[in-house]
Amino acid sequence: MAVSTGNLYLEQILTNLYAQNSRTRIISKVRNKAHEAEAWAEVKAIINALMEGDPALSEDLMKKHVHNGNLAALAALGIMASGGDRRTG
C-alpha cells in the first residue's frame, strides 16, 4: 500500500513499523501463551468496532491493543515488574 503512494518516507516508516510489530508479536507469542488469547480477543473487538462504523472506539481499542502487546513482550523478556499497568477495554 505504501509503495503505491510513491512516498518513500511513508514506505520506510511503515516498513520499520511492520518489523517492530513482528518482533513484538514473536516475543510475546513464544513466551506468553496466555497473552495470545487476550490479543485475539482484542483484535476481534477492534474489527467489530470498525464494522460497526465506530472509528473513535476502533482507535481506542487499537491503542490499548498495542500497549498490551508491548507490555506482554516486555514481560516475556523479564523487563517489566509484575503488577504493571495493563490496559484493557
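Just so you know, these numbers use all the heavy atoms, side chains as well, and skip hydrogens, waters and symmetry mates.
Interatomic distance, CG of Asp60 versus NE2 of His65, reported as 13.5 Å (0.5 Å rounding). To the nearest 0.5 Å, atom CD1 of residue Ile46 and atom NZ of residue Lys63 are 12.5 Å apart. Atom NZ of Lys64 and atom CD of Glu59 lie 11.5 Å apart (nearest 0.5 Å).
Nearest heavy-atom pair, Pro55 versus Gly53, reported as atom, atom and distance to 0.1 Å: CD-O, 3.1 Å.
Other residues sharing a hydrophobic cluster with Ile13 under the 4.5 Å side-chain heavy-atom criterion for ILVMFWY residues are Tyr9.
Ile47 pairs by the side chain to side chain contact (heavy atoms under 4.5 Å, CB included) definition with Val43, Met51, not counting sequence neighbours. Partners of Asp54 by salt bridge (Lys or Arg N to Asp or Glu O under 4.0 Å), not counting sequence neighbours: none found. Ala49 is linked by a side chain to side chain contact (heavy atoms under 4.5 Å, CB included) to Leu57, Ser58, Leu61, counting only residues two or more places apart in sequence or in another chain. Here Asn48 pairs with nothing under the side chain to side chain donor-acceptor pair (under 3.5 Å) rule; sequence neighbours left out.
The shortest distance between side-chain heavy atoms of Glu11 and Leu8 falls below 4.5 Å.
A donor-acceptor pair shorter than 3.5 Å cannot be found between the side chains of Glu38 and Asn68.
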